[in-house]
S.K.: 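Before anything else, here's the structure in question.
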Amino acid sequence: MTEQELLRRESLAKLKELGVDPYPAEMYEVTGYAADIVANYQEEVLEDGTKNRLNYQQVALAGRVMATREAGKALFMNLQDTTGRIQLYLRKEEINGGDENSPMFDTVVKKLLDLGDYIGVKGFAFRTKTGEVSIHVQEFKFLSKALRPLPIVKRDAEGNIYDAFTDPEARYRMRYVDLTVNPDFRQIFIKRAKLVKTIRTFLDDLGLLEVETPILQPIHGGAAARPFTTHHNTLDTTLYMRIANELYLKRLIVGGFDGVYEFAKMFRNEGMDRTHNPEFTALEFYVAYKDYNWMMDITEQMLEKVARALDPDGGSTVQVGDRTIEFAGPYRRLTMFDAIQEYTGINVETASEDELRAYCKKVHIEVDNSMGKAKLIDEIFGEKVEASLIQPTFLIDYPVEMSPLTKIHRSKPGLVERFELFVNGKEVANAYTELNDPIDQRERFEDQLRLAERGDEEAMALDEDFLRALEYGMPPTAGIGFGIDRLTMLFTGQQSIQEVLFFPQMRPEKNV
RNA sequence: GAUCUCGUAGCUCAGUCGGUAGAGCACUUGACUUUUAAUCAAGGAGUCAUGGGUUCGAGUCCCAUCGAGAUCACCA
């Protein structure tokens, strides 16, 4: 144990000796919050120059002590509660209750109270000489003693931060410390919650039903990815953590729910980097009797709502670095082929597979001979177009080979009715007119099986029960999936997925 | 999975050519009844990520391991 930890344990023992309970059980009634009081405290100056305090004259706050400034027989503290910080002012005579021999001020407050301790205070609001709204404390109570020292982050009047707690490893492993000493990061998670809430309200208002579907699945369908595998003891069977929930949501459409949505944790056993965490959150929703054109309209409406909800002034734009992204629709709609034509000059419709392969080699895109024309098109798009799509853009009409769950295009042979939404050069949504022809779906699954036999670990598994469901009849349906983490990154200007997850996955810690 | 960079006090960081481990904040003791990055005086605090190697001598050079970050590959 470090010196400071030992000292805090000694303080704890001394508190108990003095009859102070460092961890009281009873509730503490809070009647005021730092941010409210700082924002709303009022006083009037009378004709004789004296001040008349108008509100918060009997208030109880609770929070952590984040700084102390001793001034002889007085003491200032910064108290941090869930809303922010406020200064406390304590005077010896009051804390001691008039008893000269009381240990409360000199021992309990000045010596045994440490930074990071939770306390409750009762008193009245006032404004100090220097103009800071503060609480004049008349009663104070230990609520919880901290046995480890917090990193001390200081901030001056201009807002400059000193000794910031910045080590990403420490911040992510000890998010509780990060959230305590870096209140700015709290805003990211508050915005995330608001984003989810805005979407939920939007979808509820559309008349969709929020549902839950299995996370433990006997067949990992609905996406191309490697799953986590687990085992159920009683059933003695292999189960997979879901990589997608799409096939379950469509079963509910078959069952007669015309619109369903789910905020769903997905699990993919793949690499981790600043845009990938092994578990992440997707929003998927499916609406009967609609198609992908309708879904594009709805996406525009939904994202504009989100942008306005998160913007302090209700605006529809988001600033990402030096780029201003406009979320009010309509968004540009560009076919994949037109996009490639525009950014590379290649007409992929007329180009042969060999010509595309030759182009890839020329511009140093890695290719191998197993790649068919569709895969080459996808590579060229990813390499040459994707990063250029800054303003929200629907990329539409994909080759059928890449989209085993998507309905064949109503007029363009070889393509499917699919779109992906790109913003700031990154994909944020993937949607299609759902394939509801059970015979076509079976053939697409069989194509996937052939890919799996050739060693494609991410090929989609054939789900007989899902096909049985389609054979009972699924209405024409539009569906979409959003990456909620990435959407949050976009709306909060974060470069790393770890900044929008409270507890990003880390390698196990050796010595805690 | 590959490459590069990093790991020194509770936090943020210095540490030269290989020669006794440093600073600010935090902490301890003292002063101070409106301070606010409080101030002033004094003091304590380190398995230099871990393990090996080279050397008279390693925080520093070499190797391995662990952890993190960035870039790339794959994916959402």
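The chains referred to below are lettered A, B, ... by the order of the sequence lines, with proteins before strands, and numbering in each begins at 1.
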S.K.: I'd like the C1' distance from rG46(B) over to rA21(B), given in whole Å.
M.R.: 8 Å
S.K.: Does the D81(A) side chain pair with the main chain of Y33(A), one donor and one acceptor, at a distance under 3.5 Å?
M.R.: no
S.K.: Tell me the interatomic distance from L115(A), atom CG, to rA37(B), atom P, rounded to whole angstroms.
M.R.: 16 Å
S.K.: Whole angstrom is fine here: how far is it from CZ in R171(A) over to P in rG7(B)?
M.R.: 19 Å
S.K.: Could you measure between the two C1' atoms, the one in rA38(B) and the one in rU34(B), and give it in whole Å?
M.R.: 11 Å
S.K.: Now, which nucleotide makes the Watson-Crick or G-U wobble pair with rG46(B), with each of the two distances under 3.5 Å?
M.R.: none
S.K.: Counting Watson-Crick and G-U wobble pairs only, both distances under 3.5 Å, name the nucleotide matched with rU33(B), or none.
M.R.: none
S.K.: Salt bridge check: are R507(A) and E169(A) linked by an N-O gap of less than 4.0 Å?
M.R.: no
S.K.: Verify the contact: side-chain N or O of K154(A) to OP1 or OP2 of rU12(B), cut-off strictly under 4.0 Å; return yes or no.
M.R.: no
S.K.: Is the shortest side-chain N to carboxylate O distance from E262(A) to R242(A) below 4.0 Å?
M.R.: yes
S.K.: So which nucleotide does rG59(B) pair with, by the Watson-Crick or G-U wobble rule with both distances under 3.5 Å?
M.R.: none
S.K.: Taking atom C1' in both rG18(B) and rA23(B), what distance in whole Å separates the two?
M.R.: 23 Å
S.K.: Between the protein and nucleotides 8-11 of chain B, list every N/O to N/O distance that falls short of 3.5 Å.
M.R.:
none

S.K.: How far does the C1' atom of rC66(B) sit from the matching atom of rC27(B), given to the nearest Å?
M.R.: 31 Å
S.K.: Given F502(A), which partner from the list Y172(A), F189(A), F185(A), Y176(A) fulfils the ring-ring contact (aromatic ring centres under 6.0 Å, His included) test?
M.R.: F189(A)
S.K.: Partner of rG22(B) by Watson-Crick or G-U wobble geometry, both contacts under 3.5 Å, or none?
M.R.: rC13(B)
S.K.: rU35(B) phosphate, OP1 or OP2: any side-chain N/O from R69(A) under 4.0 angstrom?
M.R.: no
S.K.: Any salt bridge linking E417(A) with K407(A)? Criterion: basic side-chain nitrogen under 4.0 Å from a carboxylate oxygen.
M.R.: no
S.K.: If I pick the P atom on rU8(B) and the same atom on rU60(B), what distance separates them, to the nearest angstrom?
M.R.: 13 Å
S.K.: Can you identify which nucleotide, out of rG69(B), rU33(B), rU35(B), has its nearest atom closest to the T128(A) side chain?
M.R.: rU35(B)
S.K.: Could you check which of rC32(B), rU34(B), rA68(B) has an atom nearest any side-chain atom of K110(A)?
M.R.: rC32(B)
S.K.: For E427(A) and Q498(A), find the nucleotide of RNA chain B closest to each by heavy atoms; which residue's nucleotide sits nearer the 5' end?
M.R.: Q498(A)
S.K.: Quote, to the nearest angstrom, the P distance that separates rG69(B) from rC13(B).
M.R.: 15 Å
S.K.: By nearest atom, which of the nucleotides rU35(B), rC27(B), rU33(B) is closest to the Y89(A) side chain?
M.R.: rU33(B)
S.K.: Counting side-chain heavy atoms from C-beta on, which of rU33(B), rC74(B), rA37(B) comes nearest to R91(A)?
M.R.: rU33(B)
S.K.: Output all residues satisfying ring pair (Phe, Tyr, Trp, His ring centres under 6.0 Å) with F285(A), sequence neighbours left out; order by chain, then residue number.
M.R.: none
S.K.: Is N269(A) touching bases, backbone alone, or none of the nucleic acid, heavy atoms closer than 4.0 Å?
M.R.: nothing
S.K.: Does rC66(B) have a Watson-Crick or wobble partner in any strand here, with both distances under 3.5 angstrom, and which is it?
M.R.: rG7(B)
S.K.: For E5(A), I'd like to know if atom CD has over 12 heavy atoms of other residues, nucleotides or ligands within 6.0 Å.
M.R.: yes
S.K.: Roughly how many Å is it from CG in N78(A) to C1' in rA38(B), rounded to a whole number?
M.R.: 11 Å
S.K.: I161(A) CD1 to rC25(B) C1': how many Å, rounded?
M.R.: 15 Å
S.K.: Find the partner of rU71(B): check Watson-Crick (N1-N3 plus N6-O4 or O6-N4) and G-U wobble (N1-O2, O6-N3) distances, both under 3.5 Å, and reply none if neither fits.
M.R.: rA2(B)
S.K.: For the pair made of CD in E70(A) and C1' in rC40(B), what is the distance, rounded to whole Å?
M.R.: 13 Å
S.K.: State which residue, out of K92(A), M77(A), E70(A), fulfils the side chain to side chain contact (heavy atoms under 4.5 Å, CB included) condition with V109(A).
M.R.: M77(A)
S.K.: May I have the distance from L75(A) (atom CG) to rA31(B) (atom P), rounded to whole angstrom?
M.R.: 14 Å
S.K.: Just to be sure I understand the rule, does F126(A) reach a base, reach only the sugar-phosphate, or reach nothing, if contact means heavy atoms closer than 4.0 Å?
M.R.: base
S.K.: Should F76(A) be counted as stacked on rA38(B), where stacking needs a ring-centre gap under 5.5 Å and an angle between planes under 30 degrees?
M.R.: no
S.K.: In plain terms, say whether D163(A) and K154(A) are close enough for a salt bridge, that is, a side-chain N and a carboxylate O under 4.0 Å apart.
M.R.: no
S.K.: I want to check one thing: is the phosphate of rG30(B), taken as OP1 and OP2, less than 4.0 Å away from some side-chain N or O of K111(A)?
M.R.: yes
S.K.: Between Q87(A) and R274(A), which is nearer to the 5' end of RNA chain B once each is assigned its nearest nucleotide?
M.R.: Q87(A)
S.K.: Do NZ/NE/NH1/NH2 and the carboxylate oxygens of D447(A) and R444(A) come within less than 4.0 Å?
M.R.: no
S.K.: Determine the sole option in L421(A), I298(A), T299(A), L283(A) for which the side chain to side chain contact (heavy atoms under 4.5 Å, CB included) test with I480(A) is passed.
M.R.: T299(A)
S.K.: For rU16(B) and rU55(B), measure between their P atoms and round to the nearest Å.
M.R.: 23 Å
S.K.: Rounded off to whole Å, could you give me the OH-to-P distance for the Y162(A) and rA38(B) pair?
M.R.: 11 Å
S.K.: Kindly give the atom pairs (protein nitrogen or oxygen, nucleotide nitrogen or oxygen) under 3.5 Å for nucleotides 64-67 of chain B.
M.R.:
| from | atom 1 | to | atom 2 | distance (Å) |
| --- | --- | --- | --- | --- |
| rG67(B) | O3' | R173(A) | NH2 | 2.9 |
| rG67(B) | O2' | E169(A) | OE1 | 3.1 |
| rG67(B) | O2' | E169(A) | OE2 | 2.3 |

S.K.: Looking only at atom C1', what distance separates rA68(B) and rC62(B), rounded to whole Å?
M.R.: 23 Å
S.K.: Could you walk me through whether E284(A) and K250(A) pass the salt bridge (charged side-chain N to carboxylate O under 4.0 Å, His left out) test, one step at a time?
M.R.: CA-CA 11 Å; E284(A) 300 220 354; K250(A) 286 189 202 171; over 6 Å; no
S.K.: Tell me: CG of L6(A) to P of rG44(B), nearest whole Å?
M.R.: 18 Å
